[in-house]
Amino acid sequence: MHLEPLDPYRWQIPKTGQMRVPGIIYSSEAGINALLRDGSLQQVANVATLPGIVTAAMAMPDIHLGYGFPIGGVAAFDWDTGVISPGGVGYDINCGVRLATTALTEDEVRPHLEPLANRLFQAVPSGVGSTGSVRLSVRDLKQVLTQGSAWAVARGFGQDSDIEYTEENGCLAQADPGVLSDRALERGRNQLGTLGSGNHFLEIGVVEEIFDAHTARVFGLVPGQVTVMLHSGSRGLGYQVCDDHLAAMKKSVAKLGLTLPDRQLACAMIQSEEGQAYLSAMACAANYAWANRQIMLHTARQTFMETLSISPNSLRMNLLYDVCHNIAKKETHQVDGKNQTVCVVRKGATRAFGPGHPDIPDRFRAVGQPILTPGDMGRASYVLCGTDTAMDQTFGSTCHGAGRLLSRKAAKKAGKGRSIQQELAKKGIVVKYTGRFTMTEEMPEAYKDVSEVVGVVHGAGISRMVARLRPMAVVKG
DNA sequence: ATGTAC
């Protein structure tokens, strides 16, 4: 793979062969050298061949190999002439992260950490195939799929302000449950309010360092404050939506009359029956994921109040923000000095809208959108802020986390015979988990250092560092 | 990510 440096944080894959635009990778020099033998750079070049792609196929410093599109990838397609690919969003539709602040300090929570972690682990079902206490008829499920977060709040799982501090207010309007397969609906009926497995987690953390005092104040973050972070998605329902539409598009792709560099890039015109059906189904899965995270936040609030014997006013577990990092969105961006309507595909990438954007809550509009960047279990997570540079360069996008360094298989091998739970306990981090191999697959050394990833997006100017959080207790699937 | 191959 031939790469040309653009500046200290950007590398270009020149437009060659079938590529319609160049590729641009955000990375340090050390990061790019580590990527040279990885197939993910070829995936960036492959995405650049797709019809209607605008400006460049992009990748963030947490890039790694994904299905068709790389994880850590960003691409925008013209709304009228572009394509949509289910692999561009990925299997976990609207996988995302939410962060809640509290009125509690580390000193107040530390003595109760073990029972708190145990009760959260009991209250939030986790693991592959886990089901929750919310059981839905297909009729109720269809309301979840069209209403998202508002459905959960209306049924007592949360407070009104949670909706305001969720990207898109926790609901995509294009959702149409009528396009979902019976199998997708069935898989969604009993999984609401469940964490899932793999990299999904619920984490009690503490604000360890503030980098931008003004923005931190606007976000309501202070040093020593306890936070709750949730990382989860659309569970089996989203998986089934992706699977169903990949199969349909593999059949219809011949209509496009082009040869794809990779069958995993199966796609359809946005303005086609197949394309619109996918976007309607994807919106259902996105709304399901928001309702899912909303219910788990409510469960976390209840569990904190019961375990610590405190009132809502003493807890004040308020949602700072909820971001998606696997999604396609219709957005308007400036391209060559003109407004253009595009479908922005972020796969393992986070929206990072800058100051003044109408789609971010009033409270944050002067500083920019909060961005939540989880790291691995043992190191740190960051809160960042969106910037004008992100609007100019990346369709208002940035990284989504640390990014994998080792494949799951390689991590499992490297961690064989070790107790990652005990290793983390020595660092004062309590971990509760379900899956037999989850801890080794997810151990800290399986991930890049999130601080280095964040250093790149901060250095490149597509996000600004606001605060770093340190993990205290983690619930894993 | 995923009833980790219906």
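Order of the sequence lines fixes the chain letters, A, B, ..., with proteins taken first and strands second; residue numbering starts at 1 for each chain.
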Select base, sugar-phosphate, or nothing to describe what [X] touches, counting heavy atoms under 4.0 Å on all strands.
| X | result |
| --- | --- |
| A/R183 | base |
| A/G198 | sugar-phosphate |
| A/G236 | sugar-phosphate |

Could you tell me how far apart [X] ([atom1]) and [N] ([atom2]) are, to the nearest whole angstrom?
| X | N | atom1 | atom2 | answer |
| --- | --- | --- | --- | --- |
| A/D92 | B/dT4 | CG | P | 15 Å |
| A/Q240 | B/dT2 | CD | C1' | 10 Å |
| A/F437 | B/dT2 | CZ | C1' | 17 Å |
| A/Y91 | B/dA5 | OH | C1' | 12 Å |
| A/D243 | B/dT2 | CG | P | 13 Å |
| A/E442 | B/dT4 | CD | P | 18 Å |
| A/Q191 | B/dT2 | CD | P | 8 Å |
| A/Y288 | B/dT2 | OH | C1' | 13 Å |

Reference residue A/R404; test salt bridge (charged side-chain N to carboxylate O under 4.0 Å, His left out); the match among A/E442, A/E441, A/E445: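 The single option meeting the salt bridge (charged side-chain N to carboxylate O under 4.0 Å, His left out) with A/R404 is A/E442.
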A/V128 vs A/C95, nearer the 5' end of DNA chain B by closest nucleotide: A/C95
Would you please indicate yes or no on a ring centroid separation below 6.0 angstrom for [Y] and [X]?
| X | Y | result |
| --- | --- | --- |
| A/F364 | A/Y165 | yes |
| A/Y91 | A/Y239 | yes |
| A/H400 | A/H231 | no |

A/R235 side-chain N/O to B/dT2 phosphate OP1/OP2 under 4.0 Å: yes
Short side-chain N/O contact from A/S197 to OP1 or OP2 of B/dT4, under 4.0 Å: no
Residues in side chain to side chain donor-acceptor pair (under 3.5 Å) contact with A/Y288, at least two apart in sequence or another chain: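 By the side chain to side chain donor-acceptor pair (under 3.5 Å) rule, A/Y288 matches no residue at all.
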